[in-house]
S.K.: 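I'd like to ask some things about the structure below.
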Amino acid sequence: MAKFVKLQDGLACCGNGRNAECLNIGPNILDCYIRSAPALLKHCSLGRREQMNIATAFIDAGPIYQNLKDSSKEEIASSFTIGTSPTKSSLHDLLVDEHNWAADQLLKKFPDMSVELIFEEARKFLIAEIQHITFEHFLPLLLGEETMVQDVDLILLGIAENPVYGSLLGPTFGCIMALQFQKVYHTIILSKLPYFCQAKFGDSYWYTNRLSQDQLEEVQKVSISGMICRHQKASIIQKDSFKEADNFSNIPLFCNSSVFSTPDFSRWITTTEKLRNSQFDYVLGECILKISEEKRNQKSQNLREGFHNSVALKSYGSMMLAKDEAVVEANISFILLEATRSLVKQENMVLDRIQGVYIGEDFGKKSDDQCNPKDYPCDPTNPYRCDSSRTVSASCFPIPVPSDDLHFEPFSCLSFVRSLPAQKTLGYRNQMNQVSSYLDGSVMYGSTKCEGDRLRTFQDGKMKTTQISKTRRHYGITISQSDEAEQDGCVSSPEFPCFIAGDDRNSQQALLIAVHTVFHREHDRIATLLKEINSEWDDERIYQETRKLISAQFAHIVYNEYLPIIIGQKFIDDNELRPLKDGFYEGYKNCDASILQPFATAAFRFGHSTVTRFTPMQETIQSPATKVVDLASDFLNMTKVYETEAIEQILGGMHGRHQMMTDRFIDDAVRAFCGLSRLTSFYSIFSDIDQDGLTEIGKVYESPDDIDLFTGIVSEKPVPGGIVGPTAACIIAEQFKRLKQCDRFYYENGLDYARFSIEQLKEIRKVTMSSMICVNTKVPKLSKDVFSVPDSYAIQYVSCNAHTISEKTIE
Ligand code: HEM
Ligand SMILES: [Ca+2]
């Protein structure tokens, strides 16, 4: 209660009575009354108010063990203090004594057990005792046997043999009580309960579920009277101390009577399984303790300061830092990972493995400009420390440099930062995805609200822009510049600052900005149109409607124009990836659209092999290049973006360039998933990798089973009509299938809450990347399919006037 009142302190109930949580009684302002705190309904559903329960609802000896999380277990076991209320303290004391007695007994029988295990087992015993006594001795008295049998159906055998008790409660109260205890108890008798109880939580720790037959037999021996005999130096007591002694069945007996049998702990622990369970609790508990300790230590050593001087790492670090949300997830994963390890190995935890874990800050308090993470998981001042995974952070995984290396300093190591883990259950490590996997325009609008908000002007649905050309209005804007503080790693700053967008990796190079700019201008254009047509719409409405439309256009371009070139038409058809000509898509399923490991780590990185170093800046593919974007020297350098017509010239240049062919130089499990044959030797007649490639690979790997997925993928010959091999095509197709099928907001869906009208869809389906560029830039000529290089035959280079975006979409 004290805690609760504290919770409500801020309410200032007395006096004004305006707060909904206050209920003043009478004219005297001192007679105020604070309502119970409301509790959330299950699944966040709406409905009548439920009250908050501050103590645990389970019968789990909460009052005895409530301080467990504040102090160490040994302390608790030895330092129970007597409460102030005289009625409470005697029972409380009795239970504490019983716990300590059980612990002593266990220690005698199992001298090898750790203190923590003894503690947990004694606790388990005490909780079972309380549950047993409550249901077998106390409730029958309270409710009357009839209620017990009818409503609670306590199939405890003892009841039938006991004398018939009277009831202390009237029928209504008795029923309510019975229902409450049922909730706790229902796992045993689920099928016999009314449905509304079945829906409630049960207690999976109910003693009869949890204990072995041997243990149950011992628990069934207990009674309050027996406990009193053991701990309060009584020598004579009645059998049922919930009732007054009488001269008949409840006549006082000597404590050494066989009625008061003492539990025997010699068979308490039998199976190794039980041991493992308690040990698991212990390991997890230790992990949590250790991590919070680490957190405290780390606050003093400020790891946030000072990036080291490696340009590559610095730029990588500034693009891909862990978000706070991700760090919190990762911490949970680290715990699970450690627990998995120690359980698998059945050895004591190697605690220093989890050093370097941060506990995330409370990101509820974060101001909008703090969206960008500042943490860096490995020691920035010591990037080349080979032992850093042990002494710096579990996220470090340095690569040793061999003694005969000609390029790097021998015996040094290359700093390497692992992906944050995102493990949800005990088991294998999984990686964190920090951006939304859906094709939802997160590149433009961010993956969290915080990220999205800092890009908005909050006026007329517009996003913040940078005017790179003073003389052109719509055609002179690009995405917003980032603050001065966020220019770390930007080579051209402060003169030509880098930018911010929905994804941190936007200012890596000028080509990326050019494509961003097209979508950014489209947002600006659509928002303006929407405002003109619907002058009563507020900022939020315009922003969200625009965002919805741009995201749909983006997804349409990806599925309609981009993907077929990557994986070929056959994979598109086999996986139903092609947008429809009309009507709604009806394949939505409640499935998982998160990014697959082999997709992120290998298959979709095929792109790295297609990037060209030089891209000319030219107005059309026939006109001369004014400049060249050089990926090597212009990396993280935005200078060229700020030139007049830069966007147009970059787009023009990109359009005329072939990307590099995917270098061809598998994981066989992946090939098997994809229904492909297994590679058995480096000399087999294997159609997906040619013999030259195989011979080269054979020099590096001992067995075909060792080939890294990425190596294998880029070695395969491309599928017909695509640019990646069959394994990559399979993984990419599978991923995009999920991104379509498992996304409630996939643009072609006809689901009630998010669909476009059929007319809108018709217009979205006309959108192409070329129409998008033509409408938003001053590029004079483009081919209809900008993903292909124009030639004099099939792919014609035509004036932009031929590509128009119909404005019907937005009506
Ligand atoms: C100049 C162009 C590019 C540069 C400099 C670049 C750079 C990078 C870097 C530094 C990483 C992180 C590597 C790691 O630590 O694991 C990365 C990851 C990745 N890149 Fe690129 N990249 C470029 C183009 C592309 C293209 C064109 C594609 C695909 C078509 C692509 C797909 C990916 C994927 C899928 C990842 C993994 C992301 C993840 O872990 O979720 N990249 N890239
Ligand atoms: Ca996304």
Side-chain angles (χ1 to χ4, degrees), residues 310-323 326 330 376-378 383 395-399 414-422 429-439 442-443 447 489-491 498 503-516 557-558 561-567 593-615 628-638 640 650 653-654 657-663 708-710 713-714 718 722-725 728-729 731-736 739 787:
S310 153
V311 171
L313 255 180
K314 188 168 170 176
S315 54
Y316 169 67
S318 59
M319 282 188 289
M320 300 280 284
L321 290 176
K323 299 174 186 176
Y376 191 65
C378 290
S395 298
C396 297
F397 196 55
I399 304 162
L414 309 180
S415 177
F416 180 84
V417 186
R418 299 189 68 178
S419 302
L420 286 175
R429 177 176 174 131
N430 208 344
Q431 300 183 26
M432 176 87 63
N433 200 342
Q434 294 209 84
V435 294
S436 116
S437 61
Y438 296 111
L439 288 177
S442 61
V443 158
S447 294
C490 181
V491 176
C498 288
D503 193 295
D504 286 350
R505 295 163 291 183
N506 59 80
S507 298
Q508 182 216 59
Q509 36 119 345
L511 313 188
L512 212 45
I513 294 292
V515 180
H516 258 290
I557 291 169
V558 168
E561 295 186 80
Y562 174 74
L563 261 192
I565 304 178
I566 308 299
I567 62 175
S594 53
I595 296 295
L596 300 162
Q597 287 276 24
F599 178 84
T601 55
F604 214 61
R605 297 191 188 198
F606 79 90
H608 291 163
S609 137
T610 67
V611 173
T612 48
R613 175 163 176 185
F614 299 108
T615 305
V628 165
V629 177
D630 174 1
L631 196 56
S633 63
D634 291 340
F635 202 74
L636 286 165
N637 187 333
M638 294 291 106
K640 288 179 177 137
I650 291 169
M654 280 165 82
R657 300 295 290 181
H658 283 279
Q659 64 168 12
M660 281 173 89
M661 279 312 288
T662 322
D663 295 331
D708 287 301
L709 183 56
F710 187 72
I713 275 173
V714 294
I723 62 170
V724 295
I731 298 167
I732 293 170
E734 175 68 24
Q735 180 67 65
F736 279 93
L739 290 174
F787 292 101

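In listed order, ligands and their atoms are each counted from 1. Computation of the quantities below employed the complete heavy-atom set of this structure, encompassing side-chain atoms and omitting hydrogens, waters and symmetry-equivalent molecules.
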S.K.: Within a distance under 4.0 Å of any heavy atom of Phe635, pick out the atoms of ligand 1 and give their elements.
M.R.: 5 (C)
S.K.: Mind checking what makes side-chain contact (heavy atoms from CB on, under 4.5 Å) contact with Ala603, not counting sequence neighbours?
M.R.: Ile713, Ala728, Ile731, Ile732
S.K.: Does any N or O of ligand 1 fall below 3.5 Å from an N or O anywhere on His608, backbone included?
M.R.: yes
S.K.: Restricting to non-hydrogen atoms, name the atom on Ala593 and the atom on Tyr438 that form the minimum distance, rounded to 0.1 Å.
M.R.: CB-CE2, 3.4 Å
S.K.: Is there a polar contact between ligand 1 and Gln509, counting only N or O atoms under 3.5 Å apart?
M.R.: no
S.K.: Can you tell if the side chain of Asp504 reaches within under 4.5 Å of the side chain of Gln434, non-hydrogen atoms only?
M.R.: no
S.K.: Identify, by atom number and element, the atoms of ligand 1 in contact range of Leu631, meaning under 4.0 Å from any of its heavy atoms.
M.R.: 1 (C)
S.K.: Should the ring pair Phe604 and Phe599 be called parallel, tilted or perpendicular, given that the plane angle runs from 0 to 90° and is split at 30 and 60?
M.R.: parallel
S.K.: Taking only residues two or more places apart in sequence or in another chain, which ones pass ring pair (Phe, Tyr, Trp, His ring centres under 6.0 Å) with Phe614?
M.R.: none
S.K.: Is Gln431 touching ligand 1 with its side chain, its backbone, both, or neither, if touching means heavy atoms under 4.0 Å apart?
M.R.: neither
S.K.: Nearest to atom 7 (C) of ligand 1 by heavy atom, Met432, Arg605, Gln508: which?
M.R.: Gln508
